[in-house]
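The basis for the numbers below is simple: all heavy atoms, side chains too, and nothing from hydrogens, waters or symmetry mates. Owing to the predicted nature of the structure, the values given are computational and were not obtained by experimental measurement. Chain letters run A, B, ... following the sequence lines, proteins first, then strands; residues in each count from 1.
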There are 2 protein chains.
Amino acid sequence: METIKIAIVGYGNVGKGVHAAINNNPDMELTSIITRNPERTKKDFLGEQAFGINPPVKCIYHMDDADKWKNTADVAILCSGSKNDLFEPDSEKHDSYQIMVPIEIGKKVLEKFGQGPYFAQYFNTVDSFDTHARIPDYFRVMNAYAVRSDHTAITDAGWDPGIFSIERIMADAFLPESKKYTFWGKGVSQGHSDAIRQLNYVQDAIQYTVPLEDAVKQVRNGENPHLSTKDKHWRDCYVVLKKGSDCPEIRKEVELEIQGMPNYFTDYKTKVNFVSQEEMNERKKSMPHAGSVMTSGTTNYGKDAKKAFIEYNCKWDSNPEATGSILVACARACYKFNKSKKFGAYTMADLSPADYSAHSQDKLLKEFM
Amino acid sequence: METIKIAIVGYGNVGKGVHAAINNNPDMELTSIITRNPERTKKDFLGEQAFGINPPVKCIYHMDDADKWKNTADVAILCSGSKNDLFEPDSEKHDSYQIMVPIEIGKKVLEKFGQGPYFAQYFNTVDSFDTHARIPDYFRVMNAYAVRSDHTAITDAGWDPGIFSIERIMADAFLPESKKYTFWGKGVSQGHSDAIRQLNYVQDAIQYTVPLEDAVKQVRNGENPHLSTKDKHWRDCYVVLKKGSDCPEIRKEVELEIQGMPNYFTDYKTKVNFVSQEEMNERKKSMPHAGSVMTSGTTNYGKDAKKAFIEYNCKWDSNPEATGSILVACARACYKFNKSKKFGAYTMADLSPADYSAHSQDKLLKEFM
């Protein structure tokens, strides 16, 4: 079987999740890994954290060595962070993107625009860019660089944006004017965990976002409530205090400090639990996540209106492997798009179920319809 | 706004559901209705059963009058039954479809192949052909006739086949080797209701298919049980006895007779309830349906395997209006496909979320991702 050759850019949690997913898809082959720190990545491969079969240790490249890696794959899956890596964080430059023409090329693109547009020059790409407010700008720049080099770029893939986005779009098309609700969790929020870790007395922390059961119930009942993010979720925090700080007074102080953090916790029902570093280490081993998209609407109208409700749930014991699994299916779609000369940027909103699938049309018609 | 002009072929429950959905989509316009019995359809329009706005009473045509209706719409939504209408029921002829070349044209196609291929000569079409075993054959014939006339045909649309099929395909791509489970109900099964109505003493009957809660629970728990259709559902029957027959002995006899009907009920847990004709009439006013597709698998593999679970549920107070709503979204996709010269047959497996949507790419990127 001819395989689709994949490069992984960035070998953190999501990169490792992509690696695991490649091994679960026989039509895929990992042919290169491109990182800022090849030595550390090589250790990951040789150490306990290595995933699975055929680790191409020889094919681990430094991000700067474009000459070495540029022809190594059909699709590069970009697993770096959205915040600073994929797209440069300088919001001052945004206006110019409206009329963006890709004048810069090569390494200069990395400096000016970030890894996404940089790699779009050399590869078909799939990424999980997820800074919602910047999605249209990022899409425009990726489109310009992909079109320029006859590449295909699938942007904003994963689960939100990603599978949740497409479920919102489809449910909206089937039920126009319907109300949509997205619930996240139970799952870890890195941003909130980091915020707690900044506090005095705190040695380590992890924060889970959890849907409020009453809100879920109201939505499932078709009550169509108006709910902001804080009306739908509560925050469950686990904290390890620094050595010598664990006493009732400091516990109370830290608890109040967390619950009073503006933007992060003040608006939410927030529970603070104190645990040992050992328990924290256990917790950190698993990175579960779950979520739901619910759409509540009607068919017909006026006095003939009848209730209609669509719900999409998913629950993953490993959040980065979930993202990895979806990105790999998107890489297959990306490869097919490029083969049929669909160049430029696309999102999962532009991909059909068959595009993701390794099965033939005949098999889909017979076994999946 | 330029509208997409829709013809409805067949004005039964699904046809009326499509009509209601057209009125809920401002970019759609109902321009003709094509039926075997225009007089009855006109009465439907003028009577209590008429849906909504702008009923084009002048534009109700007889199926035989192709000259009158053939240029009236951009897309025809075929709302006739799968069993005998859309595709001829003669299984003897199947082999020839393998090498099907559309030699017959015009009215002869109606006689030889049925309404689907017949209308594919004159219109872009959307249909809800749902005889699972015949889907590949039907697809091939529809493709031949659509290609021949530069039309686009979306086949097997609706909810199963349809939205459930695409959720199965996507979940399979994200989680290869996963187990898929489809639950139907609570909803009416026409075939089973009809079977009960054939019995002695029975005046009227309705049968609901209902998922077995224990089976649902096992699947949600990730136990990956092996379940056939009968292990997943039970059957809830409501029966009106003929005048003068309602006594305990006959109730017992009918109950046992239903529970003993081979193919229909013997394998299932079956409950029989006796009700008055008034209660039956009330029940028949609503045609609810619901169902779920569940996918249970893992990310990673071997000792590192981690559980992953995806669930898609929907619940509709009106089954035919649910189907109508989905068919109308497919009509929009069909129209776009034809405009971009994608001729031939497609299923919902080939449509992207954006294809169904009336929103611009810009709006989807900003508000739905």
*Would you check if there is a donor-acceptor pair between the side chains of B/K180 and B/T182 at a distance under 3.5 Å?*
no
*Interatomic spacing from CD1 in A/I166 to CG in A/L351 - rounded to 0.5 Å*: 8.0 Å
_For chain B, which candidate among A/E311, A/H132, A/R168 shows the most heavy-atom pairs at distances under 4.5 Å?_
A/E311
*Are B/D156 and B/T347 close enough that a side-chain donor and a side-chain acceptor fall under 3.5 Å?*
no
*Any B/S292 side-chain heavy atom under 4.5 Å of B/Y181 side chain*: no
*Go through the atoms of A/I135 and report whether side chain, backbone, both or neither lie under 4.5 Å from a heavy atom of chain B.*
side chain
_Greatest number of heavy atom pairs closer than 4.5 Å to chain A - which of B/G162, B/P176, B/A133_ = B/P176
_Just checking A/K284: does its NZ atom have more than 12 heavy atoms from other residues, nucleotides or ligands closer to it than 6.0 angstrom?_
yes
*asked:* I'd like to verify something: which residue of B/A322, B/A173, B/P353, B/P136 has the highest number of heavy-atom pairs under 4.5 Å with chain A?
replied: B/P353
*Select one option (side chain, backbone, both, neither) describing which atoms of B/E367 are under 4.5 Å from chain A's heavy atoms.*
neither
*Decide yes or no for A/D350 and A/K342: does some side-chain heavy atom of the first lie under 4.5 Å from some side-chain heavy atom of the second?*
no
*Pick from B/G302, B/A308, B/S286 with the largest number of heavy-atom pairs that fall under 4.5 Å of chain A*: B/A308
*Sort A/E177 into side chain, backbone, both or neither according to what part of it lies under 4.5 angstrom from a heavy atom of chain B.*
neither
*asked:* Heavy-atom cut-off 4.5 Å, strictly under: side chain, backbone, both or neither for A/L327 against chain B?
replied: neither
*Quick one: are B/F368 and A/S165 in side-chain contact, heavy atoms under 4.5 Å?*
no
*Find the distance between NE2 (A/H19) and CG (A/N24) and round it off to the nearest 0.5 Å.*
10.5 Å
*Which atoms of A/I169 come close to chain B, meaning under 4.5 Å heavy atom to heavy atom: side chain ones, backbone ones, both, or neither?*
both
*Could you look at A/A21 and say if it's the side chain, the backbone, both or neither that has a heavy atom under 4.5 Å from chain B?*
neither
*Does any heavy atom of chain B fall under 4.5 Å from the side chain of A/M294, the backbone, both, or neither of them?*
neither
*Please state whether the side chain, the backbone, both or neither of A/D172 comes within less than 4.5 Å of a heavy atom of chain B.*
side chain
*Would you check if there is a donor-acceptor pair between the side chains of B/D127 and B/T155 at a distance under 3.5 Å?*
no
*Heavy-atom distances under 4.5 Å only: say whether A/E167 touches chain B with side chain, backbone, both or neither.*
side chain
*Using non-hydrogen atoms only, which part of A/F139 is less than 4.5 Å away from chain B: side chain, backbone, both, or neither?*
side chain
